[in-house]
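Nothing here was measured: the structure is a model prediction, and the numbers come from that model. One-based numbering along the sequence shown.
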Amino acid sequence: MRVEIWTDINCPFCYLGKERFGQALAEFAHGDDVEVVHRSFELDPSLAADESGPVITKIAQKYGISEAQAAANERGIGAQAAELGLPYVTEGRDYGSSFDMHRLLHFALAQGKQEELLDALNRGNFAEEESLFGDHERLVRLAVDAGLDESKVRGVLEDPNAYADAVRADEREAAQLGATGVPFFVIDRKYGVSGAQPVAVFAQALDQAWGERQPVIQTVGGADACGPDGCELPARD
């Protein structure tokens, strides 16, 4: 069974949703038979590569609220993260273009290190105070920490066309599937789960998808049949 997850590094609910889905998958009886692939989605694809700034200011401007309200929202997300055992920096985080990060995630997928890189990027953005956006050197360090080759990582970052088509293809596909926000989970191209749902919702979706993939056969017995030990002959008078 395959689960595709559209996320963005700017999205705190993607950070929470990934953990909740991971907890559900860890308890899923057929977890070893599930392939997870992460897909690209930019919350603001119009951002320039060198554009960045404080998250709280950005949230306040986007939703027309005060910075005090935006800061309170960040603290609320931090409290949700704490319930999941996730570290979360509620002050001083920044935002910016995630396009290069998505390109690196596609490179990491080809190297079998996508999950590790996504975890490193989430940690760098949500759990550490050092700025992530607009700093290629920090991005390189996180990628190397995830097990990727430094020279190859730099090669991807220096070539703006590397994996760019893969990112855009993911984003077009998300639109075709009806995703207007992230996280967005698609199970076997049959079920969609939108948002950072509770663990129980993910567990139910996995069970339902697996059940329909492996239907339970209702057997009607009673007639003569042959098995591994031979054929059962009908009794004769």
Side-chain angles (χ1 to χ4, degrees), residues 1-43 73-90 93 98 101-102 104-106 108-109 111-128 142 145-147 167 170-171 173-217:
M1 189 163 71
R2 190 181 222 206
V3 179
E4 297 163 277
I5 310 174
W6 274 261
T7 59
D8 187 31
I9 312 304
N10 280 297
C11 168
F13 292 111
C14 295
Y15 181 47
L16 303 185
K18 183 178 185 299
E19 176 64 21
R20 289 173 181 162
F21 173 78
Q23 290 184 14
L25 185 60
E27 297 298 325
F28 183 51
H30 309 284
D32 290 342
D33 297 311
V34 177
E35 176 192 12
V36 177
V37 178
H38 298 281
R39 301 295 190 192
S40 300
F41 190 106
E42 294 172 275
L43 289 177
N73 289 344
E74 278 290 282
R75 291 193 295 273
I77 297 172
Q80 292 186 53
E83 291 176 357
L84 294 169
L86 294 174
Y88 191 91
V89 176
T90 59
R93 290 198 308 106
S98 57
M101 299 177 197
H102 286 298
L104 278 181
L105 283 166
H106 276 279
L109 175 62
Q111 305 299 311
K113 295 287 185 179
Q114 189 185 51
E115 191 82 24
E116 291 85 348
L117 179 58
L118 182 56
D119 284 341
L121 293 174
N122 279 335
R123 182 182 71 249
N125 188 34
F126 297 110
E128 299 175 357
L142 290 172
D145 288 345
V167 176
D170 275 359
E171 293 174 339
E173 198 163 20
Q176 292 167 1
L177 291 170
T180 57
V182 285
F184 187 67
F185 302 76
V186 176
I187 305 175
D188 262 0
R189 288 300 170 107
K190 189 172 184 179
Y191 290 98
V193 179
S194 180
Q197 297 287 345
V199 174
V201 172
F202 288 122
Q204 180 181 4
L206 288 169
D207 285 337
Q208 184 170 346
W210 185 267
E212 294 190 8
R213 182 185 178 88
Q214 307 287 340
V216 177
I217 298 174

Asker: Passes side-chain contact (heavy atoms from CB on, under 4.5 Å), Tyr191 versus Val186? Steps please.
Answerer: CA-CA 6 Å; Tyr191 290 98; Val186 176; over 6 Å; no

Asker: Taking only residues two or more places apart in sequence or in another chain, which ones pass side chain to side chain contact (heavy atoms under 4.5 Å, CB included) with Glu115?
Answerer: Lys18, Val36, His38, Asp119

Asker: What do the steps show when you test Leu105 against Ile9 for side-chain contact (heavy atoms from CB on, under 4.5 Å), and what is the final call?
Answerer: CA-CA 11 Å; Leu105 283 166; Ile9 312 304; 4.3 Å; yes

Asker: Do you know which two heavy atoms are closest between Gly147 and Lys113, and how far apart they sit?
Answerer: O-CE, 4.1 Å

Asker: Answer yes or no: is there a side-chain heavy-atom contact under 4.5 Å between Ile187 and Glu4?
Answerer: no

Asker: Find out whether Leu121 and Leu104 are in side-chain contact, i.e. whether some heavy atom of one side chain is under 4.5 Å from a heavy atom of the other.
Answerer: no

Asker: Evaluate the side-chain proximity of Val182 to Leu43: yes if any heavy-atom separation is below 4.5 Å, no if none is.
Answerer: yes

Asker: Can you find a pair of side-chain heavy atoms, one from Leu86 and one from Leu16, that are under 4.5 Å apart?
Answerer: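 Yes - at least one pair of side-chain heavy atoms lies under 4.5 Å apart.
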
Asker: Does the side-chain contact (heavy atoms from CB on, under 4.5 Å) test come out yes or no for Leu117 and Met101, once each step is laid out?
Answerer: CA-CA 9 Å; Leu117 179 58; Met101 299 177 197; over 6 Å; no

Asker: Closest approach of Leu142 and Gly124, non-hydrogen atoms and distance?
Answerer: CD1-CA, 4.2 Å

Asker: What are the two closest non-hydrogen atoms of Thr90 and Gly78, and how far apart are they?
Answerer: CG2-CA, 4.1 Å

Asker: So does Met1 get a backbone contact from the side chain of Asp188, meaning a donor-acceptor N/O pair under 3.5 Å?
Answerer: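 Absent.
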
Asker: What about Phe21 and Phe185, are their ring centers closer than 6.0 Å?
Answerer: yes

Asker: Run the salt-bridge test on Arg39 and Glu171 with the 4.0 Å N-O cut-off and return the result as yes or no.
Answerer: no

Asker: For residues 200-207, which side-chain donor-acceptor pairs fall under 3.5 Å, sequence neighbours excluded?
Answerer:
none

Asker: Closer than 3.5 angstrom, by distance alone: can the side chain of Trp6 be matched with the main-chain N or O of Asp170 as a donor-acceptor pair?
Answerer: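 At least one qualifying donor-acceptor pair exists.
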
Asker: Identify the two heavy atoms, one from Ala127 and one from Pro87, that lie closest to each other, and give their separation to 0.1 Å.
Answerer: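 Closest heavy-atom pair between Ala127 and Pro87: CB-CG, 3.5 Å.
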
Asker: Under the side chain to side chain donor-acceptor pair (under 3.5 Å) test, which residues partner Gln80, sequence neighbours left out?
Answerer: Arg20

Asker: Report yes or no: does Glu128 contribute a side-chain atom to a donor-acceptor pair with the main-chain N or O of Asn125 at less than 3.5 Å?
Answerer: no

Asker: Within the 4.5 Å heavy-atom criterion, are Val89 and Phe126 side-chain neighbours or not?
Answerer: no

Asker: Please examine the side chains of Phe184 and Val193, heavy atoms only from C-beta on, and report whether any two atoms are closer than 4.5 Å.
Answerer: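 They are not in contact (no side-chain heavy atoms under 4.5 Å apart), so the answer is no.
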
Asker: Which pair of non-hydrogen atoms, one from Pro183 and one from Cys11, has the smallest distance, and what is that distance?
Answerer: CD-SG, 4.2 Å

Asker: Distance check, rounded to the nearest 0.5 Å: Asn10 atom CG versus Ser98 atom OG?
Answerer: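 It comes to 5.0 Å.
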
Asker: Can you name the closest pair of heavy atoms from Ser40 and His106 and give their distance?
Answerer: OG-NE2, 3.3 Å

Asker: Are Arg93 and Tyr88 close enough that a side-chain donor and a side-chain acceptor fall under 3.5 Å?
Answerer: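 Their side chains do contain a donor-acceptor pair, which is all the 3.5 Å distance test asks for.
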
